[in-house]
Amino acid sequence: MEKEELKEYLLDELDVQPAYVDDMIGQIEAMDGTLKEAFDAYRRTGELPKAAIGNYNCNDLVETHQFTAVGALLFLDWMEKEPEAANAALLFF
């Protein structure tokens with residue numbers, strides 16, 4: 001997906017605040033292949049991805065911690081890259 005198309009999607013469809021869009025685009029572009037595929041599938045279908053890392057999955061993060069679907073995917077990416085920091089941060093959600 002082109003960067004401008006992604007930006008429009010985040011702003012128009014997901015109501016991401018303009019101040020956060022560029023950072024979020026960078027995070028999405030840096031996702032690993034599986035999570036990036038899950039994001040693309042969510043964008044196309046609107047269905048919550050079944051993606052999981054360790055003990056966490058999108059459904060649990062959305063239902064238990066009130067993440068958005070995209071927020072859950074970004075968290076899973078963080079969990080994969082920096083598990084200790086991500087685990088510690090989850091205590092605040």
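What you see is a predicted model, and the numbers here were worked out from it, not measured in a lab.
- Shown here are the side-chain contact (heavy atoms from CB on, under 4.5 Å) partners of Leu90, two or more places apart in sequence or in another chain: Tyr56, Leu61, His65, Phe67, Phe75, Phe93.
- Listed by first and then second residue, the salt bridge (Lys or Arg N to Asp or Glu O under 4.0 Å) pairs that reach into residues 73-84 are Asp77-Lys81, sequence neighbours excluded.
- In this structure Asp60 satisfies the side-chain hydrogen bond (donor to acceptor under 3.5 Å, both in side chains) test together with Thr64, sequence neighbours excluded.
- Under a 4.5 Å side-chain heavy-atom cut-off, the cluster of Ile, Leu, Val, Met, Phe, Trp and Tyr residues that includes Val62 is completed by Leu48.
- Under the rule for a ring pair (Phe, Tyr, Trp, His ring centres under 6.0 Å), Tyr42 has no partner lying at least two apart in sequence or in another chain.
- One finds the CE atom of Met24 at 10.0 Å from the OH atom of Tyr20 (value rounded to the nearest 0.5 Å).
- The two residues Asp32 and Leu35 make their nearest non-hydrogen contact at OD1-N, 2.9 Å.
- When all heavy atoms of Gln17 and Leu11 are compared, the closest pair comes out as C-CD2, 4.5 Å.
- Contact record, Phe39 with Leu73: CA-CD1, 3.6 Å, taken as the closest heavy-atom pair.
- Of all non-hydrogen atoms in Pro49 and Cys58, the two that sit nearest each other are O-CB, 3.3 Å.
- The minimum heavy-atom distance between Glu29 and Lys36, with the atom names listed, is O-NZ, 3.2 Å.
- Expressed to the nearest 0.5 Å, how far CD of Glu5 lies from CG of Leu10 amounts to 10.5 Å.
- With sequence neighbours excluded, the residues that form a side-chain contact (heavy atoms from CB on, under 4.5 Å) with Gln27 are Asp23, Leu74.
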